[in-house]
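Reminder, nothing fancy here: chain letters follow the sequence lines and each chain counts from 1.
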There are 2 protein chains.
Amino acid sequence: MATGRTHRPATRSRGIPEATVARLPLYLRALTALSERSVPTVSSEELAAAAGVNSAKLRKDFSYLGSYGTRGVGYDVEYLVYQISRELGLTQDWPVAIVGIGNLGAALANYGGFASRGFRVAALIDADPAMAGTPVAGIAVQHTDDLDRIISDNGVSIGVITTPPGAAQQVCDRLVAAGVTSILNFAPTVLSVPDGVDVRKVDLSIELQILAFHEQRKAGEEAAADGRTAVDPDTEEAPPMRATPAGRKGPDGDMPAVMPA
Amino acid sequence: MATGRTHRPATRSRGIPEATVARLPLYLRALTALSERSVPTVSSEELAAAAGVNSAKLRKDFSYLGSYGTRGVGYDVEYLVYQISRELGLTQDWPVAIVGIGNLGAALANYGGFASRGFRVAALIDADPAMAGTPVAGIAVQHTDDLDRIISDNGVSIGVITTPPGAAQQVCDRLVAAGVTSILNFAPTVLSVPDGVDVRKVDLSIELQILAFHEQRKAGEEAAADGRTAVDPDTEEAPPMRATPAGRKGPDGDMPAVMPA
DNA sequence: CCCTGTGAACTCATTCACAGCC
DNA sequence: GGCTGTGAATGAGTTCACAGGG
């Protein structure tokens, strides 16, 4: 932002904040619903409510895209749908390959929300030779050996990894080598990729752990409110054991059996 | 932190930043791997690399938990595993209910990473009467009619929603009414919940759209680097149509057929 | 008036850089 | 000397509050 409109081409150029980008799909979904109900116009307040954000944030977000609203009126639904779709790159077709056709991979292949919105499952790939040829969601599974060819032949630039964690990095490397530059990773692994490749991750167990953290806090506060001393994770202190004053682990090494695996 | 140790109980109290909480599971995973390899000690640098963050961030994160490291040496792996587990509330058992046993729900029920780490699938619930009794991942599916009882009987406080979008809000309401205070939502819907209830969402289609945005940018930049005029989404401007100067949609209403559904 | 668009203030998060301790 | 712990500096994101066009 800064002092004055610097040297920009004509409209506003690059640099939509990442946080804004992450919300555009949300707005788009809300707008699409309005569009289906043939609502012509919507205010920032209404749309914000539908998308689950506050209206100031929404207006600021849209201001990064340009001035697409009408003061005193609101936003034209169809027009905004188009502008956001274009901004997100959904006016073109994105062939996607899913690698690792287990329970999750198959579920994703069958997932409807995939096909709509510019994404198309172009290939299913698995390392199990026995699966090769089996149709999943109407698409024949292909073997990992052909990964390179499959990616190039279909012009895939977005790959989805649903392999077991042990295979994820290797699959990732092969995808990248074959030309994929965006990866959606469902395996619970940290992937390393070269510059220029985007990785996003979806991790069930991380989400649950974050919920558990807050859940535990709630339990603690509730108990505190009850007047009881509570099991507040912080007050609970007085560590069950600690490394010996100036050493490694402490030979007494008694620690609650935590973490199954 | 701050000028002086203010009036805190003894250790450091509440208020771990949300961003830090979201990374703790990542650290825990990396530490667990080290623990399995019987590595006794790790430096912030090494651990940060394994978790895919930089070391300054990691040290700052850990500083919110307390001073669990040893200067000149690093962190005791087992001890840190325990401290983070405790902080995240993983030293206790969290019974989880999954509502909506379609492809995705079933895949999650079968997902291994679920069972480990303190979470236990306590119930599977579906609205289809035909599914009632069918075992999925070794657990009999129960009918939505009994949702209330199932939640209370099992002491479930974390619910996972994998229903179609249309049913999600209703299921959410019922879960909350039954006592659930944390929800992990896989349905592409914005859920509204009362204060005190946490919702986290996992949304495939949003993730893909974010990737598409960056992917499109890459394509534009690459073309620009090639010297060609490129299809930079911004330069592309000169909108294909726009609401008439002072009115609604514009009667010419010609808009590219975007958005399948 | 109504509602958008946006500077300015503020809050939250990351990074720097170094003091403090082993 | 090496590595943690943390104030201080910087940057990103959100919210405020109001100017400005319909």
Rounded to whole Å, please give me the gap between [atom1] in [X] and [atom2] in [N].
X: A:D61; N: C:dT4; atom1: CG; atom2: P; value: 14 Å
X: A:K60; N: D:dT15; atom1: NZ; atom2: P; value: 12 Å
X: B:E46; N: D:dT4; atom1: CD; atom2: C1'; value: 14 Å
X: B:L80; N: D:dG5; atom1: CG; atom2: C1'; value: 14 Å
X: B:Y64; N: D:dT6; atom1: OH; atom2: C1'; value: 9 Å
X: B:F62; N: D:dC3; atom1: CZ; atom2: P; value: 16 Å
X: A:L65; N: C:dT6; atom1: CG; atom2: C1'; value: 14 Å

Checklist entry - So, A:T181 and B:E215: side-chain donor and acceptor under 3.5 Å apart, yes or no? => result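 The answer is yes; a qualifying pair exists.
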Checklist entry - With no hydrogens and no angle check, do the side chains of A:T91 and A:R86 hold a donor and an acceptor under 3.5 Å apart? => result no
Next on the checklist: Is it true that, when you exclude B:K218 itself, more than 12 heavy atoms of the residues, nucleotides or ligands shown sit nearer than 6.0 Å to its NZ?
Outcome noted: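 Buried by this count: over 12 neighbours within 6.0 Å.
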Checklist entry - Is A:Q92 atom CD crowded by more than 12 heavy atoms from other residues, nucleotides or ligands, each under 6.0 Å away? => result yes
Would you say a side-chain N or O of [X] is under 4.0 Å from OP1 or OP2 of [N]?
X: B:Y75; N: D:dG5; value: yes
X: A:T70; N: C:dT4; value: no
X: B:N54; N: C:dT14; value: no

Checklist entry - Of all heavy-atom pairs between B:E87 and B:L24, which one has the smallest distance, and what is that distance? => result CG-CD1, 4.4 Å
Next on the checklist: Nearest 0.5 angstrom please: A:S205 OG to B:Y111 OH, how far?
Outcome noted: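 It comes to 5.5 Å.
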Checklist entry - Excluding sequence neighbours, so at least two apart, what forms salt bridge (Lys or Arg N to Asp or Glu O under 4.0 Å) with B:R71? => result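 With neighbours one apart ignored, the set is empty.
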Next on the checklist: What I want to find out is whether A:D198 reaches B:R217 closely enough, with some N-O distance under 4.0 Å, to be called a salt bridge.
Outcome noted: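 So A:D198 does not pair with B:R217 through a salt bridge.
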Item to check | Candidates D:dA8, C:dG5, D:dG5 - which lies nearest the side chain of B:S63 | outcome: D:dG5
Report, one pair per line, the protein and nucleotides 9-13 of chain D atoms (nitrogen or oxygen only) whose separation is under 3.5 Å.
none

Between protein and nucleotides 17-21 of chain D, what N or O pairs are separated by less than 3.5 Å?
from, atom 1, to, atom 2, distance (Å)
D:dG20, N3, A:R71, NH1, 3.3

Checklist entry - Counting only N and O atoms by type, is there a donor-acceptor contact under 3.5 Å from the side chain of A:W94 to the main-chain atoms of B:L211? => result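 Side chain of A:W94 to backbone of B:L211, a donor-acceptor pair under 3.5 Å: no, none is there.
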